[in-house]
Amino acid sequence: MTVSPQHPVQIELRSGRPELDARPLAKRVGLIILATDHTTEPDFARMVASERTGVYVARIPYANPTTPENLRKMQPELTAGAGLILPGESLDAICYSCTSASVVIGDETIEAAIREAKPGVPVVTPPLAAVAGLKAHSARRISILTPYTIETSRPMADYFSRHGFEIDRFTCFGFDDDREMARISPQALVELAREVTAPQSDALFLSCTALRAALAIVGIEAAIGRPAVSSNQASAWQCLRLTGDDTAYPQFGRLMTLPLRAA
């Protein structure tokens, strides 16, 4: 039973408002992820978020299977997704976290769609971040590992070839459901990396934001004896550097110790 007070509580309005900080956190990173994504959000929570930097996430519709046709269907959702992240407020960087969709839609198209909602914000895509990461390692010859089908992998091979890399070996697993891709264990990725990296390659790229490759990257580099770059690791690295954070984080792989070179 609710008992009404005999005398209402007096509420006082204090004169003058408390002084406000410029922002709740100094830096802001926006993250657009797939509705089905299990991996990117926890990866960015580990690698990017801090007392200095906030990560603000919007999910957009996506339905498996992972085919070029289905990946392209996300393009119309990008502007609305970006607009849901702190509406009317600026960001220091924003990442669309889908490697294969970025390849088939196109980096420039994605950037234009996001900037409709967030004018002037630096836009990060995983494949372009991976290109920057591989170049930071001075890699020219690479091996590539993807969880995709051959159909979805083909545009990825073409993309990295266009960016000037010689692909020594390209291996895919044949998965067409990103939720299953996320269930591949980090330890399995270490063993697979050892198997698929060509001896003559300067580095290995592990494609797909669903893969838990960032958790395995240090083990992978130890296993193959050379740099490894993954989609989420490269995106996190580029986002951190765009916020002005030049700290070395070796626990997240060799890339996280390197500066972001000017394009």
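Since we're looking at a predicted model, the values are computed, not measured. If you read the sequence from its start, that first residue is 1, and numbering goes on from there.
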Identify the heavy atoms of [X] and [Y] that sit nearest to each other, and give their distance.
X      : Y      : result
Thr39  : Ala182 : OG1-CB, 3.6 Å
Ala236 : Met256 : CB-CE, 3.8 Å
Ser230 : Ala214 : OG-N, 3.9 Å
Ala130 : Phe205 : CB-CE1, 3.4 Å
Gly253 : Glu221 : CA-OE1, 3.7 Å
Gly225 : Arg254 : C-NH2, 3.9 Å

Crowded around [X] [atom1]? As in, over 12 foreign heavy atoms under 6.0 Å?
X      : atom1 : value
Glu51  : CD    : no
Glu108 : CD    : no
Gln251 : CD    : yes
Arg183 : CZ    : no

Candidate pair Val123 and Tyr96, rule side-chain contact (heavy atoms from CB on, under 4.5 Å), full reasoning: CA-CA 8 Å; Val123 176; Tyr96 169 50; 5.7 Å; no

Would you say [Y] ends up clustered with [X] if hydrophobic residues are merged whenever their side chains have heavy atoms under 4.5 Å apart, either directly or through other cluster members?
X      : Y      : result
Val48  : Leu215 : no
Val103 : Phe170 : yes
Leu260 : Tyr249 : yes
Val131 : Val104 : no
Ile105 : Leu71  : yes

Using the salt bridge (charged side-chain N to carboxylate O under 4.0 Å, His left out) rule, collect all pairs that involve residues 232-245, keeping only residues at least two apart or in two chains. none

The single option from Ile217, Leu206, Thr40 passing side-chain contact (heavy atoms from CB on, under 4.5 Å) against Asn232: Thr40

Nearest 0.5 Å please: distance from the [atom1] atom of [X] over to the [atom2] atom of [Y].
X      : Y      : atom1 : atom2 : result
Arg115 : Ile94  : CZ    : CD1   : 10.5 Å
Thr79  : Glu116 : OG1   : CD    : 4.0 Å
Asp177 : Thr66  : CG    : OG1   : 6.5 Å
Ser153 : Phe173 : OG    : CZ    : 10.0 Å
His38  : Thr209 : NE2   : OG1   : 12.0 Å
Ser97  : Glu41  : OG    : CD    : 10.0 Å

Under a 3.5 Å distance rule, please check whether [X] uses its side chain to pair with a backbone N or O of [Y] as donor and acceptor.
X      : Y      : result
Lys118 : Glu89  : yes
Arg226 : Ile224 : yes
Thr53  : Ala49  : no
Arg141 : Asp168 : no
Gln233 : Phe252 : yes
Arg59  : Asp37  : yes
Arg140 : Asp202 : no
Gln238 : Val124 : no
Ser143 : Ala198 : yes

With a 4.5 Å cut-off on side-chain heavy atoms, are [Y] and [X] touching?
X      : Y      : answer
Cys239 : Phe44  : yes
Val190 : Gln187 : yes
Ile142 : Ile167 : yes
Asp107 : Ser102 : yes
Arg28  : Tyr56  : yes
Pro68  : Thr152 : yes
Leu242 : Val29  : no
Phe165 : Ile144 : no

Between Ser90 and Arg23, is any side-chain donor less than 3.5 angstrom from a side-chain acceptor? yes

Looking only at side chains, do Thr243 and Asp92 share a donor and an acceptor under 3.5 Å apart?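 No, no side-chain donor-acceptor pair sits under 3.5 Å.
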
Before you tell me yes or no, could you show the steps for Cys208 and Thr146 under side-chain contact (heavy atoms from CB on, under 4.5 Å), namely the whole-Å CA-CA distance, both residues' side-chain angles and the distance that decides it to 0.1 Å? CA-CA 7 Å; Cys208 190; Thr146 83; over 6 Å; no

Test side chain to side chain donor-acceptor pair (under 3.5 Å) applied to Thr99 - qualifying residues, sequence neighbours left out: Ser231

Carefully, step by step, assess Tyr159 and Leu128 under the rule side-chain contact (heavy atoms from CB on, under 4.5 Å). CA-CA 10 Å; Tyr159 180 95; Leu128 203 53; 3.5 Å; yes

Under the side chain to side chain contact (heavy atoms under 4.5 Å, CB included) rule, collect the residues that match up with Thr36, sequence neighbours excluded. Leu34, Tyr62, Asn64, Asp178, Arg179

Criterion side-chain contact (heavy atoms from CB on, under 4.5 Å) on Ile85 and Ile32, from CA distance to verdict: CA-CA 9 Å; Ile85 301 174; Ile32 302 171; 4.0 Å; yes

